[in-house]
Number of protein chains: 2
Amino acid sequence: MTARMTRQRTAVVEALDELADFRSAQQLHEALRARGESVGLATVYRALQALAEASEVDVLRAEDGESLYRRCARREHHHHLVCRMCGRTVEIDGPTVEAWASKVAAAQGFDDIEHTIELWGTCADCRAAAH
Amino acid sequence: MTARMTRQRTAVVEALDELADFRSAQQLHEALRARGESVGLATVYRALQALAEASEVDVLRAEDGESLYRRCARREHHHHLVCRMCGRTVEIDGPTVEAWASKVAAAQGFDDIEHTIELWGTCADCRAAAH
DNA sequence: CGATCTTTGACAATCGTTCTCAACAAGCGT
DNA sequence: ACGCTTGTTGAGAACGATTGTCAAAGATCG
């Protein structure tokens, strides 16, 4: 039950730190390959899963359903503004929104409330790159 | 290019109306089967896809990534409070949130902004049913 | 160092969803 | 009502992300 520190897990964390923005498991796997680190894809998935459970990384779903991972600066609850082309991410928080969400849900008699609030857009660079 | 009204499409729309809450394509397919209507799964997916494009149905992704569909009362933009157990849905709108979202995104130089704002919870009935 | 016990990785298996393509049927004109 | 044209259907294959399998490998501890 004790989490062991392995070469592979360290490598995944390093890749996350290096890439900074939201990336898919497969992108991370490829980045590790490119760097010469040999890590199995399944292992990357397992590492990310473990990190997510430990709240070490944030997970969100791209519009096509793929899971994206990122090591965020703040560990407290927050949301993201993500570029759908390059993954560039800006952390945002919205105290107003939080309050609104829980108030609305409670008013309807719902429990165990969770909310998904993510903003997607095209960042200035990608817009420029697309002509 | 003209959309044809087929037995299958009508059936899918009927199933949606009957079930009222957010359902997966597979759930709808099964409901049709159970009712005696013979409709292929692929056809259900295609019908839902077409309906979604025409803004006839709302689509959202469950926490496990599955797509859920629903015919909403209002066709204007709005959000949902959904029971993660039974799919029961309450339509909500948050003018405050909308404004907040576009303001934040624009401030960061992002374009083509879209936002995902969904609330998940356990409705009173499901809470009771779980003891 | 050695025993223990988690972790790894190549590959198979899942699961939702989309694709393929020949058979089929709406809608239109006659 | 009758073909024609052309969008639609359905069974099954294909796909892509993710998870499961299990024997071999390696971390940790005494």
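Values reported hereafter were calculated over all heavy atoms of this structure, with side chains retained and with hydrogens, waters and symmetry mates removed.
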Short side-chain N/O contact to [N] OP1/OP2 from [X], under 4.0 Å:
| X | N | value |
| --- | --- | --- |
| Gln26(A) | dG16(D) | no |
| Ser67(B) | dG16(C) | no |
| Thr6(A) | dT8(C) | yes |
| Tyr45(A) | dT19(D) | no |

Verify, without hydrogens or angle tests, whether Arg70(A) (side chain) and Ala20(A) (backbone) share a donor-acceptor contact under 3.5 angstrom.
-> yes

Arg7(B) (side chain) donor-acceptor with Ser38(B) (main chain) under 3.5 angstrom =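 Yes, the answer is positive, given that a donor and an acceptor are paired below the 3.5 Å cut-off.
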
How are the rings of His115(B) and His79(B) set relative to one another: parallel (under 30°), tilted (30 to 60°) or perpendicular (over 60°)?
->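 The arrangement is tilted - the two ring planes meet at 30° to 60°.
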
Nearest whole Å is fine: how far is [N] [atom2] from [X] [atom1]?
| X | N | atom1 | atom2 | result |
| --- | --- | --- | --- | --- |
| Leu28(B) | dG16(C) | CG | C1' | 14 Å |
| Gln49(A) | dG20(D) | CD | P | 8 Å |
| His29(A) | dT18(D) | NE2 | P | 13 Å |
| Glu63(B) | dA17(D) | CD | C1' | 19 Å |
| Leu48(B) | dT8(D) | CG | C1' | 15 Å |
| Glu66(A) | dT17(C) | CD | P | 15 Å |
| Arg9(A) | dA27(D) | CZ | P | 11 Å |

Got a second to check how far [X]'s [atom1] is from [Y]'s [atom2], nearest 0.5 Å?
| X | Y | atom1 | atom2 | result |
| --- | --- | --- | --- | --- |
| Ile117(A) | His80(A) | CD1 | NE2 | 12.0 Å |
| Ile113(A) | Gln108(A) | CD1 | CD | 10.0 Å |
| Thr43(A) | Gln49(A) | OG1 | CD | 11.5 Å |

Comparing Met5(B) and Gly65(B) on DNA chain C - which has the more 5′ nearest nucleotide =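 Nearest nucleotide further toward 5': that of Gly65(B).
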
Measure the shortest side-chain to side-chain distance between Glu76(A) and His78(A) over non-hydrogen atoms and say whether it is less than 4.5 angstrom.
-> no

Touch check for Ser24(B), heavy atoms < 4.0 angstrom, all strands: base, sugar-phosphate only, or nothing?
-> nothing

Could you list, one pair per line, each protein nitrogen or oxygen that sits under 3.5 Å from a nitrogen or oxygen of nucleotides 24-26 of chain D, together with the distance?
| residue | atom | partner | partner atom | Å |
| --- | --- | --- | --- | --- |
| dG26(D) | N2 | Arg4(A) | NH1 | 2.5 |

Start with the C-alpha gap between Phe110(B) and Val82(A), add the side-chain angles, then the distance that decides, and say whether side-chain contact (heavy atoms from CB on, under 4.5 Å) holds.
-> CA-CA 9 Å; Phe110(B) 279 60; Val82(A) 186; 6.0 Å; no

Between the protein and nucleotides 9-11 of chain C, list every N/O to N/O distance that falls short of 3.5 Å.
| residue | atom | partner | partner atom | Å |
| --- | --- | --- | --- | --- |
| dG9(C) | OP1 | Gln8(A) | NE2 | 3.0 |
| dG9(C) | OP1 | Ser38(A) | O | 3.4 |
| dG9(C) | OP2 | Gly40(A) | N | 3.0 |
| dG9(C) | OP2 | Thr43(A) | OG1 | 2.8 |
| dG9(C) | N7 | Arg46(A) | NH2 | 2.5 |
| dG9(C) | O6 | Arg46(A) | NH1 | 3.3 |

Report the C-alpha separation of Gln27(A) and Leu19(A) in whole Å, then their side-chain angles, then the decisive distance to 0.1 Å, and conclude whether the side-chain contact (heavy atoms from CB on, under 4.5 Å) test is met.
-> CA-CA 10 Å; Gln27(A) 284 180 312; Leu19(A) 289 164; 6.0 Å; no

